[in-house]
Every structure is written in structure tokens, then in C-alpha cells.
Amino acid sequence: MKNYIRKSGIVCVCMGILCTSLFGKEISLGGKKGWPELEVIENVTKGEGRFGYDCIELVTNSFQPEFGTDLIINFEDNNPISYGNYIVEKNEMQKIKTQEFGKSAGLSRDNGGMTLSGQSGTFFGNEGLNGSFSIEFWLNPALAENGETIFQWHSSRTMENQLIYQTLNSCFESGHLKWSLSNIFDSAYPGNQNLILKGVSTIIPDVWTRHTLSYDAETGLLEYLVNGYVEDSKYITSTGHEGGDVYLVFLGVPASFDICPQYTGQIDDFRIMKRPYSLPLFQNAENAGSIEYMKYVRSGGYFRSKPIMVSAGSVLNSIDVEMYTPKETAVNLYVRSGDNRYNWTDTYPEWKTVEPGQELTGISGLFFQVAADLYPDGNGSHTPNVTEIKLNYTELPLPLPPFSVSAVAGDGCVTLKWNYSVDETAGGYYIYYGNRSGEYLGRIAVEGASPINVGNTTGFTLTGLENGTIYYFAVASWSRVNENVIGELSKEVFARPKKILR
């Protein structure tokens with residue numbers, strides 16, 4: 001059973017006489033309601049957390065596009081091709097969840113697999129001389145029976161007015177994977193008709209292994225590797241050894257190829273490269289001589305929520321987190337706040353590191369935002385996850401408006417008077433005005449457009465108004481803690497400026 005941790009804290013926030021007036025509230029990300037759309041996700045995905053709820057965890061490794069990438073199929077999306085200018089002509093494979101390399105893998109049930117054709121510019125879409133290449137994939141067979149075929153390409157080329165058939169196949173034989181290449185290289189290469197590379201490692205059902213066929217056009221080295229170890233190799237040179245004249249790949253008429261046409265089991269992260277084998281991006285780069293593969297990227301992952309609107313002046317008190325952190329893994333949490341989300345950048349407002357359950361100070365505003373770094377253990381074999389984040393915050397109470405307001409018309413002006421609000425949280429007042437009842441959209445007053453912050457006073461005169469036009473007014477209090485926290489409007493009053501004859 002997973003050792004889930006719930007970290008929380010109960011915090012009493014006091015602000016002088018306002019302590020008893022604050023309203024405690026909570027916002028939840030994840031949990032029973034699920035995760036909303038996140039603003040930023042890097043190397044994380046959704047998994048299954050506590051109680052079966054969705055969680056955020058590190059995505060497992062899969063091949064990434066890099067120099068020389070011709071095709072990647074990782075089965076993560078509905079379209080199996082994640083990178084490359086190839087067309088899927090047939091796809092009888094199913095996408096299933098996996099915990100090894102990304103979220104999904106392909107499942108073949110010996111029913112034809114997948115057929116693809118390359119467009120112009122791809123390795124299998126060009127006719128003529130080609131350079132280095134490698135074909136690579138992960139396998140998890142259910143049976144590994146003789147004759148099960150993983151890769152199959154058939155074509156032909158014309159040579160000296162004769163039609164020469166070409167094949168490149170990979171199939172199981174006696175518990176090993178065997179590669180067969182016929183007439184793939186320049187016609188002058190002796191033994192070109194039937195090249196065989198066969199593995200020495202026994203392929204065990206229900207165990208993932210990585211298989212690579214690689215050819216280096218610089219040295220002529222053709223080799224087959226399992227989990228990064230060379231199992232068989234040949235030099236396609238004039239001497240049959242290193243140092244002779246190198247024979248190049250010569251492909252004939254562009255033709256489609258099949259993946260798992262006769263195979264029962266899983267396959268994932270199939271890729272074709274226009275270069276020979278090298279360490280994949282997800283291999284342990286800190287130990288380049290090692291064949292150590294990390295299930296999760298050592299650098300970890302990151303996610304960030306969208307800015308969460310609360311109410312002006314809200315104060316974030318603490319964060320509770322439901323998370324699972326296996327030994328050596330870590331989750332680092334960050335929050336920030338502000339009143340105007342539209343001027344935010346990746347670094348502004350400043351992020352603050354927080355601990356679950358920790359009493360927080362100095363985090364307030366109309367918007368809150370949460371972010372987290374997730375790190376695997378040192379071997380990259382375990383991921384932490386976050387099932388739910390709860391933001392515990394308090395809202396400032398809305399101050400009561402003045403109970404009594406009066407309006408006296410003058411020549412091009414109106415003087416408003418009111419009593420101080422009985423609410424001790426009121427720090428000042430806004431005047432709202434306009435020429436329609438209940439619509440305070442006035443802009444004509446010399447003192448400014450509606451609403452006008454007049455400070456902590458009980459009277460104010462608006463000038464520059466049109467004589468003979470009726471104006472409607474209301475007054476609201478703003479909080480002495482945050483002037484953006486504005487209470488309800490007072491009872492409406494009206495007045496019509498007039499020219500005074502003397």
C-alpha cells in the first residue's frame with residue numbers, strides 16, 4: 001500500500017480588530033473534483049492517485065525528437081505518429097496504458113499490426129543511395145514464438161536490367177530476435193543477398209527490452225544491440241573489417257513497411273533515425289559509458305496552475321497537500337499572488353517557496369497561483385505524485401456603506417454629504433455617479449470618471465456637470481486594509497444642477 005501523506009496546518013490570521021471578521025474559505029485543485037486545465041506542464045502527466053482520484057506525476061521516459069530523427073511512434077495520442085513525415089495506411093494495434101515509457105504502448109494481437117509509408121525525404125520514402133540509419137523499439141512479447149515478425153519491408157530495384165528484390169525483416173527465432181537484410185547495400189558488396197544479424201540474449205515474455213539495428217556509413221559497421229549492448233555485428237566494407245571501402249545503403253522503389261504484422265505483445269517508442277545508434281536522450285547522461293536507463297527523467301517535472309481569482313484583499317493562510325513521496329523523491333511547492341494577473345510573467349510576481357501546513361504571511365491579492373516541481377529518486381525509478389492541493393485563505397469583509405447620503409444641486413455641480421459608516425473596517429469612500437438610475441457610468445465631472453475615491457471624508461462636490469441634467473449618486477465604503485475591497489452601495493440619491501440667477 002502506498003504511503004500517502006496529508007500535510008496540513010490550521011492557522012489563525014489576526015489583523016487587529018479585524019480578526020473576528022475574516023471569512024475562512026478553501027479552494028481545491030485535484031481531489032474529488034479533478035484537476036482543472038493547467039497553465040504550464042513540463043514532463044508531468046495525470047495518473048491514479050489516492051482514492052482513485054487523478055494525480056499529477058512524472059511522465060515516464062520516451063524517445064524525444066533529436067538530430068537525425070526520421071520517425072517516432074510512441075502511441076501517446078490517437079494518431080500513433082508523434083514525429084515524422086509518414087502516413088499510417090493501416091492500424092490494427094490497440095493503445096493500452098503502460099508504466100514503462102510514457103503513458104501508453106501499442107498492443108498487437110497477431111492481427112496485422114500497422115502499415116506505414118514514407119513521404120518524400122524520409123528514409124523509406126527515397127529511392128537511391130542513403131547514409132547511416134538506425135531502427136529502434138521497445139518490445140514486451142507475450143509469447144516470443146518462432147516466426148513472429150516485428151518489422152517487415154519489401155521493395156525492389158533494377159540493376160543491370162534485372163529486377164532485384166530487397167527485404168529488411170526482423171522476427172523471432174528460437175527465443176532470439178533475428179534481422180535479415182537482402183540486397184540492401186550497394187551491389188558490389190559481396191554477400192549482399194542475405195545478411196543475418198542474430199541476438200544472443202534470450203527474449204523473455206512479459207519483460208521489456210530495447211532493440212536497435214544500426215548502420216554507420218562512415219565506418220561501414222552494421223550492428224544489432226539489445227538494451228544498448230552489441231549482440232551481433234558485421235562490417236559492410238571491401239575487407240569485411242574496419243578500414244576497408246564502405247558500401248552504402250541503396251534502396252529501390254519506395255514501399256510501405258509493416259510493424260508487428262505477426263506478433264502478440266506490446267511495442268513502444270518505435271523510431272527510425274538517419275544516423276547510427278547513439279545514447280538516447282533519456283539515457284543516464286551523467287554516466288555516458290553506462291547502459292543505465294531511467295524510468296523517469298532525473299531533472300524532474302513541473303506544473304503551474306492558472307491564476308485563481310478569489311476576492312480583492314484575500315489572504316492565503318496555508319496550503320494542504322495530499323501527496324505520495326517515495327524514498328528520495330520530492331515535491332517542491334510555490335505560490336504567488338497579486339491584483340492584476342495580466343501583467344504577470346514567469347518570474348513576476350515573485351514566487352515564494354511554501355511547505356504544506358506552514359503558516360504563510362505576505363501572500364494576498366485578487367489572484368493566487370500555485371506551482372510545483374516533482375523530482376524522482378536518484379535512480380529515476382520512482383515518481384512522487386500530487387493528488388490534491390487545498391488553498392486555505394481568508395476574505396476581507398466588505399465594509400458597510402454610509403446609512404444616510406444627501407445631494408444638493410448647484411450651478412454645474414452637486415455637493416454630496418453622508419455620515420461615516422458605522423463599520424470600523426471602512427477606511428474611505430467611493431462616489432458613483434451617472435445620468436441613469438442604477439447605472440453609474442459618469443465621466444463628465446472635473447474630479448474624474450465614476451467611481452471617484454474621495455478618501456476618508458464625509459462630503460465632496462462634483463463640478464463640471466451639465467445644468468438641467470439629472471444625475472444619480474451612491475456612495476460605497478472601501479476597506480481600510482485594502483482599498484480594492486469595496487462594499488455595497490448606499491441608497492441612491494439624485495440632483496439636477498441648475499444655473500443660479502442673482
Side-chain angles (χ1 to χ4, degrees), residues 62-96 98 101-128 130-141 147-157 165-172 177-184 210-215 224 249-277 280:
S62 60
F63 289 129
Q64 302 296 321
E66 52 186 291
F67 174 75
T69 301
D70 188 56
L71 170 69
I72 295 179
I73 300 176
N74 59 20
F75 301 97
E76 297 296 294
D77 302 313
N78 291 330
N79 179 6
I81 296 179
S82 61
Y83 184 90
N85 192 19
Y86 282 78
I87 295 175
V88 177
E89 297 181 350
K90 182 186 73 173
N91 183 12
E92 302 297 337
M93 302 182 71
Q94 299 178 16
K95 185 175 74 170
I96 62 170
T98 180
F101 314 102
K103 296 180 292 184
S104 304
L107 175 64
S108 174
R109 298 184 182 273
D110 195 21
N111 57 355
M114 183 185 302
T115 301
L116 296 94
S117 60
Q119 302 298 289
S120 177
T122 62
F123 182 78
F124 285 106
N126 277 349
E127 181 176 1
N130 283 271
S132 302
F133 76 93
S134 56
I135 300 172
E136 194 162 22
F137 46 81
W138 290 90
L139 279 186
N140 184 4
E148 286 193 277
T149 303
I150 307 302
F151 183 85
Q152 179 176 278
W153 175 81
H154 295 167
S155 184
S156 62
R157 55 175 289 199
Y165 290 102
Q166 297 180 300
T167 62
L168 199 168
N169 298 329
S170 177
C171 63
F172 282 104
L177 201 62
K178 180 181 74 173
W179 291 88
S180 302
L181 301 87
S182 297
N183 300 310
I184 297 297
R210 186 167 68 95
H211 302 264
T212 309
L213 178 69
S214 170
Y215 175 67
Y224 167 47
V249 173
F250 194 109
L251 299 185
V253 179
S256 59
F257 60 87
D258 300 310
I259 300 174
C260 303
Q262 294 173 285
Y263 169 70
T264 300
Q266 299 178 49
I267 186 170
D268 203 3
D269 281 359
F270 180 97
R271 72 170 181 171
I272 298 174
M273 305 291 292
K274 290 183 175 181
R275 62 167 178 75
Y277 166 80

From Glu127 atom CD to Ser120 atom OG, the distance as rounded to the nearest 0.5 Å: 11.5 Å

In Å and rounded to the nearest 0.5 Å, what is the NE2 to CD1 distance from His211 to Ile135? 13.5 Å

Can you tell me how far the CD1 atom of Ile73 sits from the CG atom of Leu116, to the nearest 0.5 Å? 4.5 Å

Quick one: does any side-chain atom of Asp268 pair with a main-chain N or O of Trp138 as donor and acceptor, under 3.5 Å? no

Interatomic distance, Ile150 atom CD1 to Ile259 atom CD1 [nearest 0.5 angstrom]: 10.0 Å

Do Lys274 and Asn130 make a side-chain contact, defined as non-hydrogen atoms from C-beta onward lying under 4.5 Å apart? no

Mark yes or no for whether Glu148, through its side chain, and Thr264, through its backbone, hold a donor-acceptor pair below 3.5 Å. yes

Which residues pass the ring-ring contact (aromatic ring centres under 6.0 Å, His included) test with Phe257, not counting sequence neighbours? Tyr86, Phe124, Phe151

Gap separating the OG atom of Ser82 from the CZ atom of Arg271, nearest 0.5 angstrom: 11.0 Å

Name the one of Phe123, Phe270, Tyr83 that satisfies side-chain contact (heavy atoms from CB on, under 4.5 Å) with Leu71? Phe270

What pairs with Phe250 under side-chain contact (heavy atoms from CB on, under 4.5 Å), at least two apart in sequence or on another chain? Leu129, Arg157

Okay, side chain of Asp70, backbone of Met273: is any donor-acceptor separation there less than 3.5 Å? no

Please round to the nearest 0.5 Å and tell me the distance separating atom CG of Leu213 and atom CZ of Phe133. 4.5 Å

Of all residues at least two apart in sequence or in a different chain, which pass the side-chain contact (heavy atoms from CB on, under 4.5 Å) check with Thr149? Gln152, Cys171, Pro261, Gln262

Sequence neighbours excluded, which residues qualify as side-chain contact (heavy atoms from CB on, under 4.5 Å) partners of Ser155? Trp153, Gln166, Val253, Ala255

Please tabulate, for side-chain N and O atoms in residues 87-94, each donor-acceptor pair with protein atoms closer than 3.5 Å (sequence neighbours left out).
| unit_1 | atom_1 | unit_2 | atom_2 | d |
| --- | --- | --- | --- | --- |
| Glu89 | OE2 | Ser117 | OG | 3.0 |
| Lys90 | NZ | Gly112 | O | 3.4 |
| Asn91 | OD1 | Met93 | N | 3.0 |

The criterion is side-chain contact (heavy atoms from CB on, under 4.5 Å); which residues satisfy it with Ser214, sequence neighbours excluded? Ser134, Thr212, Glu223, Leu225, Pro276, Tyr277

